[in-house]
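The structure appears below as structure tokens.
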2 protein chains.
Amino acid sequence: MDDVARAAGVSRSTASRAINGGLRVSPEAQAAVDDAVARLGYSPNRAARSLVTRRTDSIALVMPEPDERIFTDPFLAATLRGVSAGLAGTDLQLVLLLARPGERPGHMARYLGSGHVDGVIVTSHHRGDRLEPELAGGPLPAVFVGRPFEDDGLRWVDVDNVDGGRLATRRLLERGCRRIATITGPLDMTSGVDRLSGWRAEMRAAGLPDDAVVEGDFTIAGGTEATQRLLDEHPDVDAIFAASDLMAEGALRALAARGLSVPGDVAVVGFDDLGVAASTTPRLTTLRNPAVEMVNAATSTLLALLAGEDVSPEPQVFEVELVEGASA
Amino acid sequence: MDDVARAAGVSRSTASRAINGGLRVSPEAQAAVDDAVARLGYSPNRAARSLVTRRTDSIALVMPEPDERIFTDPFLAATLRGVSAGLAGTDLQLVLLLARPGERPGHMARYLGSGHVDGVIVTSHHRGDRLEPELAGGPLPAVFVGRPFEDDGLRWVDVDNVDGGRLATRRLLERGCRRIATITGPLDMTSGVDRLSGWRAEMRAAGLPDDAVVEGDFTIAGGTEATQRLLDEHPDVDAIFAASDLMAEGALRALAARGLSVPGDVAVVGFDDLGVAASTTPRLTTLRNPAVEMVNAATSTLLALLAGEDVSPEPQVFEVELVEGASA
DNA sequence: AATAGGTGTGGTAGCGCTCCCATGCCCGAA
DNA sequence: TTCGGGCATGGGAGCGCTACCACACCTATT
């Protein structure tokens, strides 16, 4: 930076100010510094800057997903896109924190707690991650994508999962189905719990039994397996609400394997519409999960927090929307 | 750190040495420091350390993928897993660099060139990314996942794409197909080019025409569209080698739409086996792409480079393997 | 004409850490 | 006993930058 200052004919202080937004800098000095920076190809040393500003200019994207799900789930990709897009125009770095096999619990929480990043976006979190207590009330700005279990003092964005479960079920009711089952997401995730409770609410309101429930894991294989169990236990089901498209796809396969037609014998509704639904046979009727927009919103919120702005602590809940397919 | 040193009854210098591996530290001092660190919950300030060591303790994973492909391609997820797994046990951070819409070209190269990371893994790169010239011969340790176009002085790992193209084609020849087409990957990527040349080599060796070629983009929609073009231009094709499973899935759909049976009328072979192949109807015959192992190897190589070890500049090429499905 | 306030500027301290060097110590060899 | 050499230790410099402060200057207000 000394070189830049010298080349621009100003002091280090003025150069620094010019580089950082140019408050209290005359137009001439600003221009001279800009020119010197360009000519010398100067780029500030992040470490030195961090040391004094006590900011790291990086945020973490946390995915405490322990299993293989991360491999196939389009939600992961959507999340990355959303965050990356939200960071465009800032000079923040995106640090990715994936759960690693064999890692002791609390490792991530400790990492986050020790000042390596300025803020954090948590997604795909499970009950028992220890992230919620660590981040609630802590000094680190954090936004959860997906409602946390205990949301005291936590900011979060989510889709309206309960309403999604309701809409899916209503759709099945409207087409005349009466024995409607559901394959839930993991019940240690709120998205799993909430979609289930939407289904349950609608079933009860219709005066129908809400006992045909199998827990899935958001994967194709899990959906297939769950459907087999379901059909064994409740051979009379005429519809399935799967809490994700991947599981719905698994369900389609299990149904096909048993020679059941969709939607003739069993109607199927999925959840997400992140690419999978359009690629099944028949095409899935599903609920659009505005994942990218949602993650983008989470990122914006985090940026606002980092900028010290007053951000409403209210969660942002995105509407879901039924997408017509041929499966229900 | 002063606190730790004081609590341990040693000087800052000794504390620092103890924390960083403990060379020239007596067992007693080491124990005292370890104890103090644990008691005080001390974690070193990364910025301060970086400032003096001139290392950042972070590596970049670069995905200069400009389009939507990143959304659905399981290769992305496999890459993340592989890198994350490879970093387990180190205290390196993983910084994710995705191409952002509207970003001027060269932006990434500039970023990487200015010392923000200690090393870089590049994946999914295209001709024209400007990454190759920037990284070749430059000071920044770099490993490409996927052969670069100009590999002078670059380290890379890849699967044997040419052999993959050959194996796929041979399989189709063996089942008696004679009019074999291919849907290529993007031809500004070496994986696209190499799989095509494997196909071409085998076709020529068999004395068959190698003109039924359509360029795809590694997506389902692209595969569908390419297949339609293919069938229009060459109605006599009896087999298709698609350079990715996603495109193969698109092909299956286009074929189904035209009432052609698979593999009866047209046999199909895909490429990747990263989850998609198992979920199509019929199940795809494909080539296993050992993506996670490959990326893991790339990460190990990078770590070795960072450690200053002598690493052979030879590329590491992984074998592909035919996976039986029902489509060919 | 004198004062107050605002603006651009340069000097300087210090962020938390590692590295270099000087010091003191103990051991074995002369 | 004396001396050289290894080893553990502590002191201090300095990495590159920003934040604070003091200063000069310039314009409006009394």
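Since this is a predicted model, take the numbers as computed values, not measurements.
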note: B/Arg12, atom CZ; C/dT18, atom C1'; distance rounded to Å ~ 10 Å

Just by distance, do the side chain of A/Asp129 and the backbone of A/His126 share a donor-acceptor pair under 3.5 Å?
yes

For C/dG10, take OP1 and OP2 only and decide whether either is under 4.0 Å from a side-chain N or O of A/Thr14.
yes

Protein-to-nucleotide contact annotation, 5' to 3' order, nucleotides 22-28 of chain D [B base; S sugar-phosphate only; - none; under 4.0 Å, heavy atom]
-------

Is the phosphate of D/dA19, meaning OP1 or OP2, less than 4.0 Å from a side-chain N or O of A/Thr53?
no

When you measure from the side chain of A/Asp118 to the backbone of A/Thr56, do you find a donor-acceptor pair of N or O atoms at a distance under 3.5 Å?
yes

For B/Asn296, does its backbone N or O pair with a side-chain atom of B/Ser300 as donor and acceptor, under 3.5 Å?
yes

Given C/dC17, D/dC17, C/dG11, which nucleotide is nearest the side-chain atoms of A/Ser13?
C/dG11

Nucleotide of C/dT9, D/dT9, D/dG14 approaching B/Val52 most closely (side-chain heavy atoms):
D/dG14

Using the rule side chain to side chain contact (heavy atoms under 4.5 Å, CB included), only one of A/Leu92, A/Thr90, A/Asp57, A/Thr301 pairs with A/Leu306; which is it?
A/Leu92

Out of C/dG16, D/dC15, D/dT9, whichever nucleotide has its closest atom nearest the side chain of B/Arg54:
D/dC15

Between C1' on C/dC15 and CZ on B/Arg46, what's the gap in Å once rounded to a whole number?
18 Å

Check whether A/Glu132 reaches the backbone of A/Phe149 with its side chain - one donor and one acceptor, N or O, closer than 3.5 Å.
yes

Tell me the closest heavy-atom pair linking B/Phe144 and B/Leu154, and the distance in Å.
CE1-CD2, 3.7 Å

Terminal axes of the helix from C/dA1-D/dT30 to C/dA30-D/dT1 (5 end pairs apiece), angle rounded to 10 degrees, sit apart by 40°

Side chain of A/Arg17, base of C/dG10: donor and acceptor closer than 3.5 Å?
yes

Candidate nucleotides C/dG8, C/dG16, D/dT9, ranked by approach to the side chain of B/Asn45 - the nearest
C/dG16

Determine whether more than 12 heavy atoms belonging to other residues, nucleotides or ligands lie under 6.0 Å from atom CD of B/Glu309.
yes

Below 4.0 angstrom from OP1 or OP2 of D/dT9, is there any side-chain N or O of B/Ser26?
yes

Within less than 4.0 Å of OP1 or OP2 of D/dT18, is there a side-chain N or O belonging to A/Ser16?
yes

Taking only the side-chain heavy atoms of A/Asn20 (C-beta and beyond), determine which of C/dC17, D/dT9, D/dT18 contains the nearest atom.
D/dT18

Are B/Tyr42 and C/dC17 close enough that a side-chain N or O sits under 4.0 Å from OP1 or OP2?
yes

Rounded to whole angstrom units, what separation is found between the CZ atom of A/Arg6 and the C1' atom of C/dG10?
15 Å

In whole Å, what is the span from the CE atom of A/Met1 to the C1' atom of C/dG11?
13 Å

Over all strands shown, is A/Ala47 touching base, sugar-phosphate only, or nothing at heavy-atom distances under 4.0 angstrom?
nothing

For B/Arg155 and B/Val311, indicate whether the former's side chain and the latter's backbone hold a donor-acceptor pair under 3.5 Å.
yes

Under 3.5 Å: donor-acceptor pair, side chain of B/Ser114, backbone of B/Arg110
yes

Step through the shown structure and confirm whether more than 12 heavy atoms of other residues, nucleotides or ligands are within 6.0 Å of CG on B/Asp310.
no

When the distance from CG of A/Asp2 to P of D/dG14 is rounded to whole Å, what number comes out?
14 Å

CZ of A/Arg24 versus P of C/dG10: gap in Å, rounded?
15 Å

Which nucleotide, D/dT9, C/dC15, C/dG8, lies nearest any side-chain atom of A/Leu51?
C/dC15

Nearest-Å distance for atom pair CG/C1', residues A/Asp57 and C/dC15
15 Å

Please state how far atom CD in B/Gln30 lies from atom C1' in D/dT9, giving the value in whole angstrom units.
14 Å

Any non-hydrogen side-chain atom of A/Val193 less than 4.5 Å from a side-chain atom of A/Arg127?
no

Could you check which of C/dC17, D/dA8, C/dT12 has an atom nearest any side-chain atom of B/Arg49?
C/dC17

